[in-house]
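What follows is a short report on a single structure.
Note that the coordinates shown come from a computational prediction; the quantities given were computed from them, not determined experimentally. Each chain gets a letter, A, B and so on, in the order the sequences are listed, and its residues count up from 1.
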Amino acid sequence: MIQSVRGTKDLLPGEIEKFQFLEKTIRNVTELYGYKEIRTPIFEKTEVFSRSIGENTDIVNKEMYTFIDKGGESITLRPEKTAALVRSVIQNNLTHDVASLRLWYFGPFFRYERPQKGRLRQFHQFGAECISSANAEADAEIILLANHLIKKLGINEYDLQLNSLGNEQSRADYRTELVKYLNENKESLSEESKSRLESNPLRVLDSKDNADKKIVESAPIIIDYLDNESKLHFDKVRELLDKAGVKYIIEPRLVRGLDYYCHTVFEFRSSALGAQDAFGGGGRYDGLFEQLGGKQTPAVGFAMGAERLILILDAINVLQNIKNDCDIYVVCSSEKLLDSALVTAEQLRNHQYKVVSDLQRRSFKAQMREADKLSAKYCVIIGDDEESRKAVTVKNMKTGTQAEIKRDLLQTISFK
RNA sequence: GCGGAUGUAGCUCAGUUGGUAGAGUCCCAGAUUGUGGCUCUGGUUGUCGCGGGUUCGAGCCCCGUCGUUCGCCCCA
């Protein structure tokens, strides 16, 4: 038996409806905010990601599906969306004729990681990006949108964590101080944190190692190093969220893994998940356009993991009883009436009903059973008697009541 | 990439100190000579993840391998 590739999953009937529900909801909510959908290729030139995400991140170092195509070009299956989206915005000059460019997406992404609950090698993310505004209003709008979406999905138990990384200067100042502090405590740090101290010291802050945590507790926090501009920006974001009634927690150790973030960063977490408890996150990335060869353009956005969101929805039993496989099941009492059943079903479909009939040439009883299993609201019954009278019997499956009617009148009935 | 668990019917699982497999559910049919759900009766389904080894004999023990899962790491 050939198996699917490790870390990939078939989305079967029963599961796919959950994805459709997610996509439908995000489509509705983003529309409320004036966001437009964008779809970009599944693969990009490798540099799109290597130049943006960060040379020191595991994503770029170990997790990308990269290959050389037949033309000798290095190609990478997209491990995330933002960089690819920015490439597209630059290439198509989408910021040219709008004040604020608002985009959303939903699709598959690829990372070569060890599979785990809520972590697959092919997974799905959706998100939104707000481009061309450097103001706190844009940060607030993106967080409001993400928050609105979560609520709309029926999720009420979650944390929104918020922090600011400040502008480049603030971050550099803080980094210097942090490295100094961590070096003073270097002996007590875990091996991993020691190496991160060289490569990406900010990430020591969200280490799960207990010894590290203790050291981090008394480490300098970035908010104290924000310059005036950065501080004003962050204060304004918080003020806007407060006014809009969005609850959040300031988490000074929240840094995010991707290099391109600055100023506002945030994450959504749920205890319904395991170790992978973040189901969404985002932030501002004012420097990314330049890194990818565009002109300086401020932007802010978020992404959410579809599989993780579905784990939460399953845990809180949203999405249980959306069963509506069919409105009408057309039953016939003998094989010679199968043709009539098929034709009747087709006529009813022309009136926008979901209609099913038997394909197995089974008994009357078996057809009724299938009707029940598909939760048909009505059965249209064709028997010899009905056929000879050019009529059918209509049975309401919920109440059990039934009545015979002339076939020409069938189209005038409402099967709601 | 590292550490721990685990893999038996479509699904959930049992399988006693090694003696070549079972339950529930699902599905199919019947009881009901044209009427579903409830009930009862009967029936189908397995390379016991895969490959080696030990043994007269392996679902059970050993080794390897693949998958899953829980943590680390990473991140959504």
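- Classification of the A:F110-A:Y65 ring pair by plane angle, with boundaries at 30° and 60°, yields perpendicular.
- Near RNA chain B, defined here as any heavy-atom distance below 4.0 Å, there are no residues from residues 144-151 of chain A.
- Atom P of B:G22 sits at a distance of 14 Å from the matching atom of B:U16, rounded to the whole Å.
- Base pairing analysis places B:U35 opposite nothing; no Watson-Crick or G-U wobble pair with both distances below 3.5 Å involves it.
- With sequence neighbours excluded, the residues satisfying side-chain contact (heavy atoms from CB on, under 4.5 Å) with A:S333 are A:L337, A:F364, A:D384.
- The nucleotide B:C11 finds its pairing partner in B:G24, both defining distances of the Watson-Crick or G-U wobble pair being shorter than 3.5 Å.
- For the P atoms, the distance from B:C13 to B:U69 is 14 Å, rounded to whole Å.
- Under the rule for a side-chain hydrogen bond (donor to acceptor under 3.5 Å, both in side chains), A:Y378 has no partner lying at least two apart in sequence or in another chain.
- Residues passing the side-chain contact (heavy atoms from CB on, under 4.5 Å) test with A:A341, sequence neighbours excluded: A:V330, A:C332, A:I382.
- In this structure A:F302 satisfies the ring-ring contact (aromatic ring centres under 6.0 Å, His included) test with no other residue, sequence neighbours excluded.
- When the side-chain contact (heavy atoms from CB on, under 4.5 Å) test is applied to A:R362, the partners found at least two apart in sequence or on another chain are A:D358, A:Q360, A:A366, A:E370.
- Taking the six-membered ring where the residue is Trp, A:Y261 and A:Y285 present perpendicular rings, their angle passing 60° and hence far from 30°.
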Polar pairs (N or O, both sides) under 3.5 Å between protein and nucleotides 32-38 of chain B?
{"residue": "B:G34", "atom": "O6", "partner": "A:D385", "partner atom": "OD2", "Å": "2.7"}
{"residue": "B:G34", "atom": "N1", "partner": "A:E386", "partner atom": "OE1", "Å": "3.0"}
{"residue": "B:G34", "atom": "N1", "partner": "A:E386", "partner atom": "OE2", "Å": "3.2"}
{"residue": "B:U35", "atom": "O2", "partner": "A:K395", "partner atom": "NZ", "Å": "2.8"}
{"residue": "B:U35", "atom": "O2", "partner": "A:Q402", "partner atom": "OE1", "Å": "3.3"}
{"residue": "B:U35", "atom": "N3", "partner": "A:Q402", "partner atom": "OE1", "Å": "2.9"}
{"residue": "B:U35", "atom": "N3", "partner": "A:Q402", "partner atom": "NE2", "Å": "3.2"}
{"residue": "B:U35", "atom": "O4", "partner": "A:Q402", "partner atom": "NE2", "Å": "2.8"}
{"residue": "B:G36", "atom": "OP1", "partner": "A:K365", "partner atom": "NZ", "Å": "3.2"}
{"residue": "B:G36", "atom": "O2'", "partner": "A:D372", "partner atom": "OD2", "Å": "3.3"}
{"residue": "B:G36", "atom": "N1", "partner": "A:M397", "partner atom": "O", "Å": "2.4"}
{"residue": "B:G36", "atom": "N2", "partner": "A:D372", "partner atom": "OD1", "Å": "3.2"}
{"residue": "B:G36", "atom": "N2", "partner": "A:M397", "partner atom": "O", "Å": "2.9"}
{"residue": "B:G36", "atom": "N3", "partner": "A:D372", "partner atom": "OD1", "Å": "3.2"}
{"residue": "B:G37", "atom": "O4'", "partner": "A:D372", "partner atom": "OD2", "Å": "3.1"}

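- With rounding to the nearest 0.5 Å, the separation of OG in A:S271 from CG in A:D277 is 8.5 Å.
- Using the Watson-Crick or G-U wobble rule with both distances under 3.5 Å, B:G30 pairs with B:C40.
- Nucleotide B:A58: unpaired (no Watson-Crick or G-U wobble partner with both distances less than 3.5 Å).
- Among residues at least two apart or in separate chains, side-chain hydrogen bond (donor to acceptor under 3.5 Å, both in side chains) pairs with a member in residues 200-210 of chain A are A:S207-A:D212.
- Take A:E290 and apply the salt bridge (charged side-chain N to carboxylate O under 4.0 Å, His left out) test, not counting sequence neighbours, and it matches no residue.
- For the pair A:Q360 CD and B:U44 C1', the computed distance is 15 Å after rounding to whole Å.
- Nucleotides B:G53 and B:G18 place their C1' atoms 15 Å apart, quoted to the nearest Å.
- With a cut-off of 3.5 Å on both pairing distances, the Watson-Crick or G-U wobble partner of B:C72 is B:G1.
- Using atom P as the reference point in both B:A29 and B:G64, the two lie 49 Å apart (nearest Å).
- A gap of 25 Å separates the P atoms of B:A31 and B:A23, to the nearest Å.
- Among the heavy atoms of the strands, none lies under 4.0 Å from A:G14.
- In this view, A:Y181 satisfies the ring-ring contact (aromatic ring centres under 6.0 Å, His included) rule with no residue, not counting sequence neighbours.
- When the P atom is compared between B:C50 and B:U55, the two are found 23 Å apart, to the nearest whole Å.
- If you take atom C1' in B:C70 and the same atom in B:G30, they sit 48 Å apart, rounded to whole Å.
- Legend: residues meeting salt bridge (charged side-chain N to carboxylate O under 4.0 Å, His left out) with A:K194, ordered by chain and number and at least two apart, are A:E191.
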Q. How would nucleotides 69-76 of chain B be written as a contact map, 5' to 3', with B for base contact, S for sugar-phosphate-only contact and - for no contact, using protein heavy atoms under 4.0 Å?
A. BSBBBBBB
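- B:U45 sits 9 Å from B:C27 when the C1' atoms are compared, rounded to a whole Å.
- Checking B:G64 for Watson-Crick or G-U wobble geometry (two distances, each under 3.5 Å) identifies B:C50 as its partner.
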